[in-house]
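First the structure, in the form of structure tokens, and then the observations on it.
A, B, ... follow the sequence lines: proteins, then strands. Residue 1 opens every chain. Keep in mind the model is a prediction, meaning the values are calculated, not measured.
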2 protein chains.
Amino acid sequence: MANQAIDEIDLRILHALLDNALLTHKEIGENVHLSGQAVGARIRKLQDLGVIEGYTLRWNPEKIGLHIHAFLTVFIYANQSHQAFRNFVQLTESVMEAHRVGGEGCYWLRIRTNDSSELNKLLEEVLRYGNYRLSISIENVK
Amino acid sequence: MANQAIDEIDLRILHALLDNALLTHKEIGENVHLSGQAVGARIRKLQDLGVIEGYTLRWNPEKIGLHIHAFLTVFIYANQSHQAFRNFVQLTESVMEAHRVGGEGCYWLRIRTNDSSELNKLLEEVLRYGNYRLSISIENVK
DNA sequence: GGGTTTACTTACACCGTGAAAGGAGAAAAG
DNA sequence: CTTTTCTCCTTTCACGGTGTAAGTAAACCC
């Protein structure tokens, strides 16, 4: 597998694994008309290329008590250190995902907390670094 | 495994799998001081409880050409059908994730496109349903 | 104390996976 | 046109991870 280009079959394998990473290579192979070993070789290629970074779970945080799911757009105060905010983000467990963004705001955060009082506590901490706009997920549509 | 309560060990197993779903039960067991089979039984419990919904990939969309990663907060026009917008969301490949939200806006969307012209095209379509605020990810901080 | 329940460990068979070897088909060179 | 080379595939085989079944230890109840 020296040709490192990604073809249509690779993408079909990728999407199959995104849907269910426990599919056997043989099962995937039946869909793309390849032997299981050929599929395995292509998966290894996708890993080497960095397309596939690892394997993880699809899970339901609500089931372990994380009932609040919120999105936060943060506007860091002028003159405020971005590094301090970044450290805060890294150290705070409730921040599940964080991006530096352009457009609306400076940072975008995905927050999960057990309840609204925890969320409120976090929002107060965020106010040390900047203002924010908050949206709370009511329903996962997609 | 009739006791369906989630204990500290279950959470450690969950976090281990979130980090790397390919860990063998035995490897996890060495960390939590259980046999591989006992770990397997607990994982099955987490699946039955709906905590673990499935297995998927951590991957890098940029590597297959999806260079634009944007967050969209949509404000549906008054009198506009929400169902039409939801259909649009389901049918549009560039929409990777969508939530009904309270607070800022009506919906929150995660968008990935190959380039800015594709993004622009999508934004025009969104304008059929509502206004929006756009943030574009510059760096994945966490 | 005997009986029951719960959650674990050990033993074992199945099968998914990666490695190695061999083959088909296309492209390039003579 | 034939030969060589390269790429990517299939087949074969051994290893090892997983689920099942059986056995064990501890806690609880009567």
Just how far, in rounded Å, is C1' of D:dG19 from CZ of B:Arg42? 17 Å
Contact check, side chains of A:Leu14 and A:Ile6, non-hydrogen atoms, under 4.5 Å: no
Residue pairs involving residues 88-108 of chain B (criterion ring-ring contact (aromatic ring centres under 6.0 Å, His included); sequence neighbours excluded): A:His69-B:His99, A:Phe71-B:His99, A:Phe71-B:Trp108, A:Trp108-B:Trp108, B:Phe71-B:Trp108, B:His82-B:Tyr107, B:Phe85-B:Tyr107, B:Phe88-B:Tyr129, B:His99-B:Trp108
Smallest separation among heavy atoms of A:Leu66 and A:Arg112, with atom names: CD2-O, 4.1 Å
Give the rounded distance in Å between these two atoms: CD1 of B:Ile43 and C1' of C:dA7. 16 Å
Can you list the residues that meet the side chain to side chain contact (heavy atoms under 4.5 Å, CB included) rule with B:Asn60, with sequence neighbours excluded? A:Glu53, B:Glu62, B:Lys63
Set of residues satisfying side chain to side chain contact (heavy atoms under 4.5 Å, CB included) with respect to B:Asn87, sequence neighbours excluded: B:Gln83
Can you tell me if A:Lys142 has over 12 outside heavy atoms packed within less than 6.0 Å of its NZ? yes
Counting only pairs under 3.5 Å, give me each side-chain donor-acceptor contact of residues 16-23 of chain B, with atom names and distances, residues two or more places apart or in other chains.
{"residue": "B:Asn20", "atom": "OD1", "partner": "B:Leu22", "partner atom": "N", "Å": "3.0"}

Rounded to whole Å, CD1 of A:Ile6 lies from P of D:dC8 at a distance of 13 Å
With the threshold set at under 4.0 Å for non-hydrogen atoms, list the residues of residues 13-32 of chain A touching DNA chain D in residue-number order. none
Between the protein and nucleotides 24-29 of chain D, are there any N/O to N/O pairs under 3.5 Å, and if so, what are the atom names and distances?
none

Would you work out how much the helix from C:dG1-D:dC30 to C:dG30-D:dC1 bends between its ends, with each end axis defined by five base pairs, to 10 degrees? 10°
All N/O donor-acceptor pairs, side-chain side in residues 27-38 of chain A, below 3.5 Å, sequence neighbours left out:
{"residue": "A:Glu27", "atom": "OE1", "partner": "A:Thr24", "partner atom": "N", "Å": "2.9"}
{"residue": "A:Glu27", "atom": "OE1", "partner": "A:Thr24", "partner atom": "OG1", "Å": "3.2"}
{"residue": "A:Ser35", "atom": "OG", "partner": "A:Ala38", "partner atom": "N", "Å": "3.2"}

Rounded interatomic separation in angstrom, taking CZ from B:Arg44 and P from C:dC8: 12 Å
According to side chain to side chain contact (heavy atoms under 4.5 Å, CB included), who are the partners of A:Asn120, at least two apart in sequence or on a separate chain? A:Glu124
Please list all pairs passing the ring-ring contact (aromatic ring centres under 6.0 Å, His included) test where one or both residues lie in residues 5-26 of chain A, with sequence neighbours left out. none
Interatomic distance, B:Asp7 CG vs C:dC8 C1' [rounded to whole Å]: 13 Å
I want to check something: taking the side chain as every heavy atom from C-beta on, are B:Leu72 and B:Leu123 in contact at a cut-off of under 4.5 Å? yes
Which pairs with one or both residues in residues 77-86 of chain B pass salt bridge (Lys or Arg N to Asp or Glu O under 4.0 Å), sequence neighbours excluded? A:Glu139-B:Arg86
Show the nearest heavy-atom pair for residues A:Thr73 and A:Gly105, with the distance to one decimal. CG2-CA, 3.8 Å
Enumerate the protein-to-nucleotides 9-14 of chain C contacts in which both atoms are nitrogen or oxygen and the separation is below 3.5 Å.
{"residue": "C:dT9", "atom": "OP1", "partner": "B:Ser35", "partner atom": "N", "Å": "3.2"}
{"residue": "C:dT9", "atom": "OP2", "partner": "B:Ser35", "partner atom": "N", "Å": "2.8"}
{"residue": "C:dT9", "atom": "OP2", "partner": "B:Ser35", "partner atom": "OG", "Å": "2.5"}
{"residue": "C:dA11", "atom": "N6", "partner": "B:Gln37", "partner atom": "NE2", "Å": "3.1"}

